[in-house]
Amino acid sequence: MGKIFFGGDYNPQQWPESVWNDDMVLFEEANIDTVTVGVFMWGRLQSDEYTYDFSMLDRIMKRLKNENKNVILATATAAHPAWLARKYPDVTRVDFLGRKHTFGQRHNSNPNSKNYQHYAKILVRKIADRYKDYENIVAWHINNEYGGFDYSEESLIEFRLWLKKKYQSIELLNEKWNTDFWSHNYYSWDDIVFPNALSEHYGDNPNITAYQSLTLDYMRFNSDSLLNNFLMEKEIIKEITPHIPVTTNLMGMYKPLDYFKWGKEMDIVSWDNYPPNMQSQSRMALTHDLMRGINGGKQFWLMEQTPSMTACRGSNPVKPPGVMRLWSYQALAHGSNTVLFFQMRQNRNQSEKYHGAIIDHSGRNDTRTFKEVVKLGHELEKFEPTFLKSNKDSKVAIIFDWDSWWAVEMSDGPTRYLDYQQEMVKIYNQFFERNISIDVISKDDNFSKYELIIAPYLHMVPQTYQEKFEKYVESGGNLVLTCLSGIVDEYDNAYMDIKPGIFKNLAGIRIDETDSQELDIVNRIITNDNQDIGQCSMIFDIIQLDGAMPIYYYGDNFYKNTPVVTKNKYQDGFCWYVGSVLDDFTWDATMTMVLKECNISHIETPKNVEVSIRYFEENSWVFVMNHNQYETEIVSLWTGVDILSGRTFKKGDVLKIKASDLVIIKE
Ligand code: GLA
């Protein structure tokens with residue numbers, strides 16, 4: 001890979017072949033060099049059990065080769081054909097409410113259907129064999145956006161086997177799940193049923209379960225089932241084309257799948273960036289950093305983003321001028337090595353006919369979207385190949401943990417309101433606004449390179465991690481913990497200890513009671529001389545000090561004047577504990593103090609101006625991005641050439657950056 005791949009999903013099977021010529025001309029004009037093909041072609045490639053027809057894909061592949069385009073070739077298994085569902089009903093899923101689905105939509109195959117697996121494997125082998133000699137295939141795109149849940153009979157059989165493998169004996173499962181609670185003692189593996197609306201869950205809510213141990217294992221099993229589908233295809237592809245990297249497009253902070261597990265199996269981590277609104281810059285930055293994190297810190301690919309609007313929301317705003325370009329650069333600034341879109345030409349009908357595309361229904365080259373894409377496509381030529389080797393360098397990390405995400409949100413008590421993702425964004429934002437580079441890591445990663453680690457809502461932590469966290473702080477590390485941390489083991493059993501469980505030594509506190517209130521009830525946060533700092537809500541740990549020093553206090557309720565934020569010296573390092581869900585003001589005050597004490601510097605910029613830097617050997621690429629819809633100025637801290645405008649900037653120069661624009665200073 002010598003350049004930043006530019007292009008995206010291309011579905012020419014959906015329009016007349018005469019139009020393909022126009023597509024190629026427009027690709028050339030926009031400098032599009034890479035397309036993903038075949039994502040939803042199964043129905044076209046196989047019309048019954050025995051009949052395959054690759055003629056159209058052959059023509060697409062040949063054409064792209066002749067046009068010197070790179071291809072990301074999909075395995076076409078993301079939407080099964082109608083004949084398969086008709087002939088083998090086990091291929092479709094059963095949902096949380098117990099309803100058996102018929103043929104329809106996509107991403108709808110039962111991951112544990114033997115017939116789905118059988119026919120998917122045959123198809124993948126045929127595709128890999130047929131196109132293996134195409135030297136322009138730069139990656140395999142397995143399936144598409146794996147996701148969702150299944151509660152079918154076939155999956156239940158596999159779930160029992162999965163549990164058997166994990167626990168070996170039903171006695172051990174009973175012990176770990178503590179099944180004496182509500183007479184859940186299981187006598188045989190066959191007693192175990194899925195946790196859904198018909199069994200453990202309250203009403204139609206997949207989040208609220210009476211039996212967390214069971215639901216948690218179901219979540220892990222479901223994530224593994226889909227991962228097994230990925231691995232099943234990967235194995236065939238690797239056998240035939242071991243030299244071509246394999247990916248599947250992830251969905252960022254997607255709750256159902258434990259992407260840290262997935263990342264280990266992918267040659268390239270790639271993801272689709274469809275933020276919920278136009279104010280998502282911090283959230284997108286966090287998600288890019290998470291993708292780097294699940295790729296073990298290595299660069300990732302931006303596989304999809306819309307050039308203008310999506311089509312699946314209540315309202316679907318178009319990206320204002322410059323925003324598509326700016327967000328593409330933001331992905332690069334955080335470690336992406338591609339800028340890819342969904343999609344090249346706009347769908348003619350069905351649910352994506354309004355979805356944005358580089359080429360719209362009219363096929364014109366003078367639409368705003370097309371012109372902006374052309375500009376970007378040519379600008380990307382300005383990056384030399386070494387840029388692709390550059391990466392972020394962080395002294396701070398935040399721990400993202402799927403087990404805790406699942407556990408903390410499905411926990412009945414102390415609150416049903418905690419939104420893990422939202423709180424992550426809130427805390428990440430503290431670093432985003434200060435332009436402090438931060439890695440998003442798992443609790444299994446090596447901590448030693450970090451001066452500061454934030455571990456928000458790390459609720460579920462196996463006992464074995466106690467030593468790891470203590471060693472980190474002992475040897476000079478700084479750790480920030482929040483309420484609900486360290487409380488349960490991996491089976492969701494509370495530690496038979498004072499809270500915060502396995503973090504009690506580090507935090508130097510004791511919590512006997514945790515209050516919880518409706519969302520509109522807040523508590524003030526005050527200093528020891530009664531100055532207001534901000535507010536907190538939802539969860540209120542009533543903290544007794546056991547070696548730690550108080551930093552801030554509650555201002556109201558019967559625990560007024562007891563500590564809410566504390567700091568504990570633990571050998572050579574420090575552990576801060578945040579006992580409530582803080583508002584932005586209190587996080588700001590807390591992090592200002594923590595960062596100062598950890599000697600971690602930040603870069604001051606006007607609001608919504610983001611700085612993100614990639615390094616390789618003696619070079620650095622400083623992205624200064626103005627996410628505002630108006631021009632802004634900042635004083636340069638860097639000396640180098642803006643690779644976009646060619647202008648030279650010195651430290652101290654004033655950088656004027658237009659609305660939704662940026663400079664990239666190469667030092
Ligand atoms: C996902 C899919 C694409 C397309 C887009 C539309 O990312 O992978 O096939 O449907 O959504 O936003």
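Whatever order the structure lists them in is the order used to number ligands and atoms, beginning at 1. If you're wondering where the values come from, they're calculated on a predicted model, not measured in any experiment.
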For a side chain to side chain contact (heavy atoms under 4.5 Å, CB included) with Leu332, tell me which candidate from Ile4, Leu388, Leu302 qualifies. Ile4
Does a side-chain N-to-carboxylate-O contact under 4.0 Å join Arg345 and Asp360? no
For the residue pair Tyr457 and Tyr420, does the interplanar ring angle fall in the parallel (under 30°), tilted (30 to 60°) or perpendicular (over 60°) class? perpendicular
Near ligand 1, at a heavy-atom separation below 4.0 Å: residues by chain and residue number: Phe40, Arg106, Asn144, Glu145, Asn249, Asp272, Tyr274, Glu304, Phe342, Glu352, His355
With Tyr119 as reference, evaluate Trp83, Tyr52, Tyr50 under the ring-ring contact (aromatic ring centres under 6.0 Å, His included) test and give the passing residue. Trp83
Salt bridge check: are Lys69 and Asp33 linked by an N-O gap of less than 4.0 Å? no
Quick check: does any side chain N or O of Arg614 sit under 3.5 Å from a backbone N or O of Ser390, one acting as donor and the other as acceptor? yes
